[in-house]
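What follows is a short report on a single structure.
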Amino acid sequence: MITSVLVANRGEIARRVFRTCRDLGLDTVAVFSDPDADSPHVAEADAAVRLPGAAPADTYLRADLVIAAAQIAGADAIHPGYGFLSEDAAFARAVLDAGLAWIGPSPDAIDRMGSKIESKRLMAAAGVPVLAQLEPATVTVADLPVLIKASAGGGGRGMRIVRALEDLPGEVEAAQAEAASAFGDPTVFCEPYLACGHHVEVQVMADEHGTAWAVGERECSIQRRHQKVIEEAPSPLVQRVGPNMRRALFSAARAAASAVNYTGAGTVEFIADADGRFFFLEMNTRLQVEHPVTECTSGLDLVALQIDVANGGHLAPEPPAAHGHAIEVRLYAEDPASGWQPQSGTLTRVAVPGVDVAFKAGDSATGLRLDSGVEDATVVSSHYDPMLAKVISWAPDRTQAVTALARAVARASIHGVVTNRNLLVNVLRHPDFLAGNTDTAFFDRHGLDVLAAPLADPAAAHISALAGALAVDAAGRSDANVLRGLPSGWRNVVSGPQRIDLGGRTIAYRITREGLVADGFDGVVLVTNAHDRVVLDVGGVRRSFDVAVHDDAVFVDSPLGSVTLPRSPRFLAPADDVAVGSLVAPMPGTVVRLAVTLGDAVQAGDPILWLEAMKMQHRIDAPADGLITELPVTPGQQIDVGALLAVVATEATDASIEE
């Protein structure tokens, strides 16, 4: 029987597995890379073992080091989580060969489903509907558009949409490089691309005694870069089409599991059209990121079931019936409005109101659950996936679940790192989403200019800036040696106003015997002022603003929307002054390849180079027509955010230099 579990993973999923292990009375062991030494998952484990290095290939992908860690820490079982080695059959075999329990399906099942190419052939033989598979070399104009996919993994890595035949070779090369980096296997293939499909998947759970469950379906159609952003159960598409589609999906999922004698938790993924016709995509032979929505609608603990099955336990003949509706959003450290650029740095504050990490359906009329890999002061590294946390809501019906989740995410305090929070809330509140129109073209159809817009409108940002300025001054007065009790900015006689620069605004104000006098804020009355909370009366409506003051930025949270106000430095550092035409790194990462050489002529939008950060490749394009006059980087080079990548000299640049 399993007594101690090592989780061969990090962040949110490691903490999630540890939580169930504690409930079951099992000891826990963490592994960690050097950047993760102070991560919450390390602190929560009963024991932790260092994996020297930073890159996944040197740490979390080192099967030998992970197994050795389990042995020296006294663990008798390994749970792989998701990603990294979770679908590596060789790793599963090595775990078993080392005399440890493997909390997952058999290595043979992983092997047979691990290759998307081979698994599609297997599914076709089992009678499961599949899309045609195309070899990249055989794709013709008539086949377009096509989707390039990595054979050995998922999560959007190694995936590219190709609409023009001349783009195919370059995109195949890029997909192969990304697949090799993420999964250690560069094999890719093509399939027809359904621009407006629905991503529907079925959670399966099977034991070694012949019982196989289909534990409800999920819809994960809201995606960016082929990675899921919002997931829900049950599927709006299946609800609309009707019970016949659900029965067919469940039957296909059970057939897929039976074809490989599957045991444990897994997910069979399908792409479906608006009429309910569906086709097999892949089977993830592991626990999914989005498993909490199934847990919330079924009342099951899927991790506990995984451990029970690994111990040889029996499942009941049938799974519990699903009830209610659950929705999950993934909070990513990324900027959707800037091409989904991943972000890194210190997350100074993260708090979501009203959440319960252990919420189970039926505990109340509605519920909120948080599965998080971060806490206050967590450093977000560029080495790993940018997902910070998952927020999940459950309610008796979909509308209630959406409303509760949107409010919780909108009211969250998230400071220090740019996230996709605005996008998540705008999607949840969008009429099309509320109506259940959730296909994979949602972002393209509605546009990031709308979906990634700030929750705080210009008027809200304006009044938030005043609250931030008042809090900054109050923070400064908290250390005053004299007259500390006077309000910040108070003047006994007429004098010049206080001036504070925040977020590109200059806030000018005075506090007199008659109260607050602020330029551009007529009718605003100051009620209370402290370094962390400001209350203002705005046109007869009292509004409260929670403020966090830091050296480089001020964060203002209120029901009007959260606002980040950068603080301008008094003096510009010489290193921050870059030449006109300079391209600087928007994120830390590794230069993967160059598309140009010194002296090349480029046009606006041409690729200059590719950076790899947070397990994805990001193309850096020329901002204007010109010549490459500086190219100080080389493939394989590690660079920091703000590092000079290239200089594109344009005619305008040349003219300014001559002057």
Side-chain angles (χ1 to χ4, degrees), residues 34-35 53-57 170 173-174 177-178 181 225 332-346 379-384 386 416-419 503-504 551-553 564 566-659:
D34 290 340
E173 181 183 353
E178 196 166 84
S181 174
R225 291 182 169 182
Y332 284 112
E334 67 182 11
D335 186 356
S338 299
W340 307 100
Q341 284 183 4
Q343 306 290 304
S344 58
T346 300
V379 176
V380 180
S381 167
S382 64
H383 295 288
Y384 311 114
V417 176
V418 175
T419 71
D551 291 338
D552 58 347
T564 299
R567 300 179 71 176
S568 302
R570 294 186 64 187
F571 305 103
L572 182 66
D576 295 333
D577 190 13
V578 297
V580 177
S582 296
L583 278 173
V584 297
M587 68 202 82
T590 303
V591 177
V592 178
R593 58 192 173 108
L594 303 177
V596 297
T597 58
L598 201 62
D600 282 356
V602 294
Q603 294 183 324
D606 285 351
I608 301 296
L609 54 84
W610 283 262
L611 287 178
E612 183 172 276
M614 293 184 171
K615 300 168 71 175
M616 296 286 285
Q617 289 190 12
H618 308 271
R619 198 173 93 172
I620 307 298
D621 294 338
D625 299 353
L627 294 176
I628 303 296
T629 58
E630 292 188 44
L631 193 64
V633 295
T634 57
Q637 181 177 341
Q638 295 274 344
I639 52 92
D640 293 324
V641 63
L644 179 66
L645 301 175
V647 174
V648 180
T650 64
E651 291 183 4
T653 304
D654 293 340
S656 65
I657 292 173
E658 289 172 3
E659 292 174 2

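- Atom CD of Glu334 is separated from atom CZ of Arg225 by 8.0 Å, given to the nearest 0.5 angstrom.
- At a threshold of 4.5 Å between non-hydrogen side-chain atoms, the residues Leu611 and Pro586 count as touching.
- Considering every non-hydrogen atom in both Tyr384 and Ala54, the closest pair reads OH-O, 2.6 Å.
- Here the side chains of Gln638 and Thr590 are in contact, with some heavy-atom distance below 4.5 Å.
- Checking side-chain atoms of Glu178 against main-chain N and O of Gln617 turns up a donor-acceptor pair under 3.5 Å.
- The shortest side-chain heavy-atom distance between Gln343 and Asp335 falls under the 4.5 Å cut-off.
- With rounding to the nearest 0.5 angstrom, the CG atom of Leu594 is 6.0 Å from the CG atom of Leu609.
- Taking CD1 of Ile608 as the start and CG of Leu645 as the end, the distance is 9.5 Å to the nearest 0.5 Å.
- Applying the side chain to side chain contact (heavy atoms under 4.5 Å, CB included) test between Val591 and each of Val633, Thr634, Ile620 identifies Val633 as the sole match.
- Side-chain atoms of Glu612 never come within 3.5 Å of backbone atoms of Trp610 as a donor-acceptor pair (strictly under, hydrogens ignored).
- With rounding to the nearest 0.5 Å, the separation of CG in Leu631 from OG1 in Thr597 is 8.0 Å.
- A search for salt bridge (Lys or Arg N to Asp or Glu O under 4.0 Å) contacts involving Asp34 returns Arg50, not counting sequence neighbours.
- Pairing each heavy atom of Pro635 with each of Val592, the nearest pair is CB-O, 3.7 Å.
- Contact between Ala585 and Asp640 at its shortest, heavy atoms only, is CB-O, 3.5 Å.
- Nearest heavy atoms, Pro35 versus Gly53: CD-O, 3.6 Å.
- Nearest heavy atoms, Leu627 versus Gly599: CD2-O, 3.9 Å.
- Val648 places a side-chain heavy atom less than 4.5 Å from the side chain of Ile628.
- Annotation for Thr629 and Ala649: closest pair CG2-CB, 3.4 Å, computed over non-hydrogen atoms.
- Taking the side chain as every heavy atom from C-beta outward, Ser582 and Glu630 never approach each other to under 4.5 Å.
- Partners of Arg593 by side-chain hydrogen bond (donor to acceptor under 3.5 Å, both in side chains), not counting sequence neighbours: none found.
- Residues meeting the salt bridge (Lys or Arg N to Asp or Glu O under 4.0 Å) test with Asp621, sequence neighbours left out: Arg619.
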